[in-house]
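Some notes on the structure that comes next.
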Amino acid sequence: MSKDAYYFSHDATAHHDPKITKMLMEMKAEGYGVYWVIIEMLRCEESLFLKKTDYGAIAYQSHSNGNVVARVVEDFGLFSIGKDGSFCSESLIKRVEIYREKSRKYKENAHKRWNGNAMAMQSHSNGNALKERKVKEIKEKESK
């Protein structure tokens with residue numbers, strides 16, 4: 001699991017989505033809880049996909065059962081399901097792609113800023129040390 005697997009953005013008003021509202025009307029909080037467990041599990045996968053064969057693990061993680069998981073995944077249009085039995089959240093994929101692109105740009109900019117500039121970093125550090133020495137010398141002169 002990569003370091004960034006712990007983070008994903010989501011709307012604080014996700015429960016207002018018509019598909020989620022329909023699920024809430026039929027399945028109450030249990031369905032909503034299962035939905036978020038699925039989203040979190042998808043986020044922990046590098047590919048951002050799970051398979052229908054993972055329903056048991058999802059049921060275990062969400063303290064629910066396989067029938068509830070199947071309904072959440074298959075009945076409300078919240079997930080895209082492939083012919084091979086894999087499924088994903090298009091919304092999650094978009095959000096993670098944005099996050100990864102920003103992260104890539106930050107790394108690239110940091111590399112541009114500091115690549116080959118180790119001496120600049122060192123001379124900045126040396127400059128601070130020089131200032132500290134001067135302050136000590138001034139204080140010593142004043143105390144004498």
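If you read the sequence from its start, that first residue is 1, and numbering goes on from there.
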Is a side-chain N or O of [X] found less than 3.5 angstrom from the main chain of [Y], in a donor-acceptor match?
X: Thr13; Y: His16; result: no
X: Asn65; Y: Val68; result: yes
X: Ser103; Y: Tyr99; result: no

Is a salt bridge present between Glu46 and Arg100, judged by a nitrogen-to-oxygen distance below 4.0 Å?
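Counted as a salt bridge, because a side-chain N and a carboxylate O are separated by less than 4.0 Å.
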
Test: Lys22 and Asp75 ion pair at under 4.0 Å
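No salt bridge links Lys22 with Asp75.
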
Are the side chains of [Y] and [X] in contact, using a 4.5 Å heavy-atom criterion?
X: Ile39; Y: Ser89; answer: yes
X: Ile20; Y: Leu78; answer: yes
X: Arg71; Y: Met23; answer: no

When the ring planes of Phe87 and Phe79 are compared, do they come out parallel, tilted or perpendicular, using 30° and 60° as the limits?
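Because their plane-to-plane angle is over 60°, the rings of Phe87 and Phe79 count as perpendicular.
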
Describe, in one word, how the ring planes of Trp36 and Tyr32 are oriented to each other, choosing from parallel (under 30°), tilted (30 to 60°) and perpendicular (over 60°).
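Perpendicular, since the angle between the ring planes exceeds 60°.
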
Is there a path of hydrophobic side-chain contacts, each under 4.5 Å between heavy atoms, that joins Ile38 and Ile81?
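Yes, Ile38 connects to Ile81 through the hydrophobic network.
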
Can you give me the closest heavy-atom contact between [X] and [Y], atom names plus distance?
X: His15; Y: Thr21; answer: O-OG1, 3.1 Å
X: Met27; Y: Phe76; answer: SD-CE1, 3.5 Å
X: Lys19; Y: Gly77; answer: NZ-O, 3.1 Å
X: Cys88; Y: Ile93; answer: SG-CD1, 3.7 Å
X: Ala59; Y: Gly66; answer: CB-N, 3.7 Å

Centroid-centroid distance, Tyr55 to Tyr60, less than 6.0 Å:
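No, too far apart.
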
Would you compute the distance between atom [atom1] of [X] and atom [atom2] of [Y] and round it to the nearest 0.5 angstrom?
X: Leu92; Y: Glu40; atom1: CG; atom2: CD; value: 10.5 Å
X: Glu97; Y: Lys102; atom1: CD; atom2: NZ; value: 13.5 Å
X: Lys51; Y: Glu45; atom1: NZ; atom2: CD; value: 10.5 Å
X: Leu24; Y: Glu30; atom1: CG; atom2: CD; value: 12.0 Å
X: Leu48; Y: Ser86; atom1: CG; atom2: OG; value: 12.0 Å
X: Glu108; Y: Glu101; atom1: CD; atom2: CD; value: 8.5 Å

According to side-chain hydrogen bond (donor to acceptor under 3.5 Å, both in side chains), who are the partners of Asp17, at least two apart in sequence or on a separate chain?
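Here no residue qualifies.
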
